[in-house]
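Numbering of ligands and ligand atoms starts at 1, following listing order. One-based numbering along the sequence shown.
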Amino acid sequence: MAKNIFDKVQLSSGQTFENRLVMAPMTTQCSFHDGSVTDELIQYYSRRAGGPAAVIVESTFIDNYGRAFEGALGADSDDKIPGLKKLAEGIKSKGSKAIIQLYHAGRMGTPELNMGRQPISASSIAALRDNAVEPRTLEIEEIEEVIQLFADAARRAIEAGFDGVELHGANTYLLQQFYSPHSNRREDDWGGTRENRLRFPRRVVEKVRAAADELNKPDFIIGYRFSPEELEEPGINFEDTMYLLNHLADYSIDYFHFSINNWQRTSIIDTEDEQLLLKKYLDKAGDKLREIPIMGAGGIKSAEDAEEAIGSGFDLMSVGKAHLINPDFVNQLKNNELPNTFLIDGDDEKLTIPAPLWNILGFLKENKK
Ligand SMILES: Cc1cc2nc3c(=O)[nH]c(=O)nc-3n(C[C@H](O)[C@H](O)[C@H](O)COP(=O)(O)O)c2cc1C
């Protein structure tokens with residue numbers, strides 16, 4: 001039967017998404033200096049909740065020394081729970097599931113953002129970008145401690161009333177750094193072979209699921225976001241990604257979320273290859289993976305776009321920028337209204353967009369696509 005964007009989607013943990021569209025995680029940079037929730041953040045998210053099946057709250061650090069941005073949101077300590085609770089309530093009271101994205105910046109952090117601390121990573125290899133800092137290699141005894149930080153943050157998300165977490169295994173943060181042969185040059189059980197590089201993300205997923213079970217939340221949603229390929233050499237290729245997903249699938253993952261800037265993305269490594277990454281995935285996914293919904297991302301501006309992406313094989317689509325421009329995006333599609341495609345100067349208050357986010361959105365202003 002042809003899929004419709006307003007179909008319900010049953011997740012393996014037991015919860016149901018009311019439709020196939022979710023609000024993509026987008027960093028707003030408007031938390032307090034310590035990473036706790038501000039009123040602005042609550043207003044911004046609750047204004048956008050209601051239409052999408054779920055709102056995925058922006059990347060949220062799990063370690064006080066693992067931030068990647070100014071104004072980043074944190075779930076690194078219990079004193080953040082009351083604020084996170086208001087945030088989850090603001091989303092859920094409108095009818096969307098509340099999911100929070102958890103990350104550790106690893107080598108993408110800087111001492112300036114992290115109280116002077118040198119960033120940590122799998123190995124002491126700086127990222128290939130301007131001004132990247134050489135990270136400190138995690139001692140073997142420290143690795144389980146960092147894994148525990150993910151489980152602790154998931155426990156806080158549960159206590160704050162979130163329906164789930166999305167583990168941020170993409171965008172070159174720590175989860176990806178352990179899996180990547182570029183950033184992980186370890187020679188112990190946590191590095192070297194692909195099987196060893198998988199160990200960190202696998203343990204994180206395992207411990208987060210165990211944390212949910214301990215709190216008697218078997219229906220807690222666990223999503224996993226991944227970047228399908230890396231340009232670094234050596235780097236993650238699509239075969240490596242299929243290996244990762246096949247193994248993570250053993251831990252009741254509710255959805256896999258592609259981190260791509262357009263759902264029609266092709267390989268960034270083999271630029272001659274015209275096959276969509278989505279099609280590559282569908283060709284290679286076996287029975288186990290086909291049970292798990294896949295969430296696409298990037299470039300959805302209208303009902304037609306969403307229908308085409310879902311019709312092409314994604315089960316769910318995350319919608320980012322269109323939700324900034326149109327706080328009621330999904331309801332507009334439901335009512336056959338045409339969403340806007342750009343921002344207009346001065347609309348930040350009307351659209352409930354916090355200043356730090358508004359200030360970086362110049363590229364979405366009128367006549368700039
Ligand atoms: C301002 C902004 C902040 C973002 N922050 C995050 C983030 O915190 N975590 C993440 O996984 N992706 C982040 N993204 C990527 C989005 O989740 C999404 O994949 C991307 O914008 C493409 O979808 P779109 O074309 O619907 O916007 C961000 C994107 C934007 C525009």
Counting both backbone and side chain atoms, is some N or O of E166 under 3.5 Å from an N or O of ligand 1? no

What protein heavy atom sits nearest atom 22 (C) of ligand 1, and how far off is it? G298 CA, 3.7 Å

Testing the 3.5 Å rule here: is there a donor-acceptor pair between the side chains of T137 and S124? yes

R290 bridged to D287 by N-O distance under 4.0 Å: no

Taking atom 19 (O) of ligand 1 as the point of reference, which of H323, R225, K301 owns the nearest heavy atom? R225

Heavy-atom gap G299 to ligand 1 smaller than 4.0 Å: yes

Does any N or O in the side chain of K284 come within less than 3.5 Å of the main-chain N or O of E239, such that one atom is a donor and the other an acceptor? no

Please list the nearest protein heavy atom to atom 29 (C) of ligand 1 with its residue and the distance rounded to 0.1 Å. M26 CG, 3.7 Å

For ligand 1, which is the ligand I care about here, please tell me if Q101 has any N or O atom under 3.5 Å from one of the ligand's N or O atoms. yes

Under 3.5 Å side-chain donor-acceptor pair for Y45 and E58: yes

Can you name the nearest heavy-atom pair linking F61 to D34, along with the distance? CZ-O, 3.8 Å

How many angstroms lie between CD in Q177 and CE in M108, if you round to the nearest 0.5 Å? 7.5 Å

Side chain of N196, backbone of G192: donor and acceptor closer than 3.5 Å? no

Considering only non-hydrogen protein atoms, determine which one is nearest to atom 1 (C) of ligand 1 and report residue, atom name and distance to 0.1 Å. L357 CD1, 3.8 Å

Could you tell me, atom by atom, which parts of ligand 1 come under 4.0 Å of a heavy atom of H168? 9 (N), 10 (C), 11 (O)

How far is atom 24 (P) of ligand 1 from the closest protein heavy atom, and which atom is that? K321 NZ, 3.5 Å

Is there a donor-acceptor pair closer than 3.5 Å between any side-chain N or O of R265 and the backbone N or O of I260? no

Going by distance only, is there an N or O of T27 that falls short of 3.5 Å from an N or O of ligand 1? yes

Starting from atom 26 (O) of ligand 1, locate the nearest protein heavy atom and write down its residue, its atom name and how far away it is, to 0.1 Å. G320 N, 2.8 Å

Take atom CZ of R117 as the centre, draw a 6.0 Å sphere, and report whether it contains more than 12 heavy atoms from other residues, nucleotides or ligands. no

Is L324 close to ligand 1, meaning an N/O of one under 3.5 Å from an N/O of the other? no

If only side-chain N and O atoms count, and only distance matters, is there a donor-acceptor pair under 3.5 Å linking D283 with Q275? yes

Counting each atom of ligand 1 from 1 as listed, which ones have a heavy atom of V319 under 4.0 Å away? 26 (O)

Near A24 (heavy-atom distance under 4.0 Å), the atoms of ligand 1 are 17 (O)

Any A170 heavy atom less than 4.0 Å to ligand 1: no

Protein contact to atom 14 (N) of ligand 1 [nearest heavy atom, distance to 0.1 Å]: P25 O, 3.4 Å

